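Data first, discussion second: the structure below is written as C-alpha cells.
By convention in this document, chain letters (A, B, ...) are assigned in the order of the sequence lines, proteins followed by strands, and residues within each chain are numbered from 1. These figures come from a predicted structure and were not determined experimentally.
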Amino acid sequence: MRITLKACLPFSLYSTVRSHGWHQMAPFSFNTEPLVLEYVLQLESGTIAQLEISETADGVRARTEESITSEEKKELKQKVTWMLGLDRDFSSFYRLAHDEPKLARMEAKAQGRVLRSATFFEDVIKTILTTNTLWAATKRMNQNLVEQFGTPVKKGSSQKAFPTPTRLARTSEDVLRKETRLGYRAPYVLELAESIKKDDINLESFKNSDLPTEQLRKKLLTIKGVGDYAAANLLNILGRYDYLPIDSWALKVVSFEWYNGASIGKKEVETAFEHWGDWRGLAFWFWDWSYYKKSEKESDVEM
DNA sequence: GGTAGACCTGGACGC
DNA sequence: GCGTCCAGGTCTACC
C-alpha cells in the first residue's frame, strides 16, 4: 500500500528528520542512501505497519507492505502528516529570519519542522528519558522499552512499535527499573501510562489543543518527570515556541555565543532570545551556534 | 520562591 | 577488573 501526501512548501524530509535526535530512537530508523525514514506504527485497530517514507517533489510517499482498511489508511495519513508537520507553514518566521545571519539559511533548507512521534505519549516518554542522563543512555532505555514491550510487525520480528500506555501499565515499577534500566524514571513512566489508561489525562488532545501555551505548560508540569526543560521541549514539539528548553547544553552554547564562555544561568539564555517573541523557541532550536564552528576548527587542526 | 540533596546510570579515569 | 568520580534534570523537603 502506498500513499502520497503533499507538504506546505518549502519542505525537506532530510531537514525535518535531522531536526533533532528522534531519528536515532526506535521505532525510527533513517537511511540517507537512498533517503528513507522508517517507522513502525501501531494503528488504533492494533494493526502494525512498517512504514517507509521517502520524499517526492512536493511532499512524501509512505509505503507499507501490510494490507490495511480504508479507515486505517485515513489514520495513517493523519499520523504521517503530524509526524512530519506537513501542514506547517513557517513563512511568517522566515520573513523575520531573513535578517538574522544565524537563521537566514532556514528557508533555503526548509528548516523549522521537528520530527515527532506518532503519539504525543511517545514524545513525552522519550523526553523524560533524555533528562538527567547522557544521549547514549537515553537511546538504550528507549531501545529496551521498545524491545521489551513493543508489538512486533510480525510474530518473531525484531521490528516493533513503541509500547502503548495500556501495555506499559501492565508491567511493574520493578521491571521498568531493573530490566528496562530506567532507574528512578521507572515510576514516572508507569504513573503516566496508568493515568492515560484510566483516562485521567489525554495526552493526544494536546496536539490540537486551543489552550493558551501557559495552561498547556502547567498541564505538562503535572506529569512526574516533566520539569521546566522537558515541558519547553514538548511545547516546541507541539509547535508552541514561547519557552526555551534550557539544559546544560543550552547554557554552554549561549555562553559561548554571547558571554565569552563565562558561567551563566537561565536568565541570560532567555534574555538572548527575548526579542524573538512567540518564535523564540524556534529561533533557539535552529540557531547556527558559533560553538560548533569553533569545534569544527579545532577538529580541522587535529586532522 | 529559592535552595540543597537525593535520585540512577554509564562512561572516563586511575590504580 | 575494580573503585571512584562525574554529568545529566527533576523531585522533595526545608527555609
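- A heavy-atom distance below 4.0 Å to DNA chain C is reached by these residues of residues 234-255 of chain A, ordered by number: A:D247, A:S248.
- Here C:dG9 presents its C1' atom at 12 Å from CG of A:N233, a figure rounded to the nearest Å.
- Remark: of the listed residues A:R116, A:Q42, A:E44, A:E44 is the sole one forming a side-chain contact (heavy atoms from CB on, under 4.5 Å) with A:K79.
- Remark: A:D278 does not engage A:R240 in a salt bridge, criterion side-chain N to carboxylate O under 4.0 Å.
- A salt bridge links A:E122 to A:K126: one of the charged nitrogens lies within less than 4.0 Å of a carboxylate oxygen.
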Ignoring hydrogens and angles, write down the donor-acceptor pairs under 3.5 Å from the side chains of residues 149-157 of chain A, residues two or more places apart or on other chains.
unit_1	atom_1	unit_2	atom_2	d
A:S157	OG	A:Q159	N	3.0

Measure all distances between protein nitrogen or oxygen atoms and nitrogen or oxygen atoms of nucleotides 3-8 of chain B, and list the pairs falling under 3.5 Å.
unit_1	atom_1	unit_2	atom_2	d
B:dC8	OP1	A:R177	NH1	2.2

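- Remark: the A:T164 side chain and the A:T166 side chain contain no N/O donor-acceptor pair separated by less than 3.5 Å.
- Atom CG in A:D228 sits about 12 Å away from atom P in C:dG9, given to the nearest Å.
- Taking atom CG on A:L220 and atom C1' on C:dT10, their separation rounds to 15 Å, with Å as the unit.
- Atom CD1 of A:I128 is separated from atom C1' of C:dG9 by 11 Å (rounded to the nearest Å).
- Ring pair A:Y39/A:W22: centre-to-centre distance not below 6.0 Å.
- For NZ of A:K139, the number of neighbouring non-hydrogen atoms (other residues, nucleotides, ligands) closer than 6.0 Å is greater than 12.
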Give every donor-acceptor pair under 3.5 Å between a side-chain atom in residues 98-111 of chain A and any protein atom, sequence neighbours left out.
unit_1	atom_1	unit_2	atom_2	d
A:H98	NE2	A:E107	OE1	2.7
A:E100	OE2	A:K102	N	2.9
A:K102	NZ	A:E257	OE2	3.1
A:K102	NZ	A:D288	O	3.1
A:K102	NZ	A:S290	OG	2.9
A:R105	NE	A:Q111	OE1	3.2
A:R105	NH1	A:K102	O	2.8
A:R105	NH1	A:F286	O	3.2
A:R105	NH2	A:Q111	OE1	3.4
A:R105	NH2	A:F286	O	2.4

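- A donor-acceptor pair shorter than 3.5 Å cannot be found between the side chains of A:D174 and A:S172.
- The distance between atom NZ of A:K139 and atom P of C:dG8, rounded to the nearest whole Å, is 17 Å.
- Straight-line distance from the CG atom of A:L145 to the C1' atom of B:dT9: 15 Å, rounded to whole Å.
- Aromatic pair A:Y241/A:W276: ring centres not closer than 6.0 Å.
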Can you give each donor-acceptor pair under 3.5 Å made by side-chain atoms of residues 182-193 of chain A, sequence neighbours left out, with the distance rounded to 0.1 Å?
unit_1	atom_1	unit_2	atom_2	d
A:Y184	OH	A:N132	ND2	3.1
A:R185	NE	A:T131	O	3.4
A:R185	NH1	A:L182	O	3.2
A:R185	NH2	A:T131	O	3.0
A:R185	NH2	A:N132	O	3.2

Would you list the protein and nucleotides 11-13 of chain B atom pairs, both N or O, that sit under 3.5 Å from each other?
unit_1	atom_1	unit_2	atom_2	d
B:dG11	OP1	A:R140	NH2	2.9

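- Side-chain proximity of A:T133 to the nucleotides B:dG10, C:dT10, C:dG8 is greatest for C:dG8.
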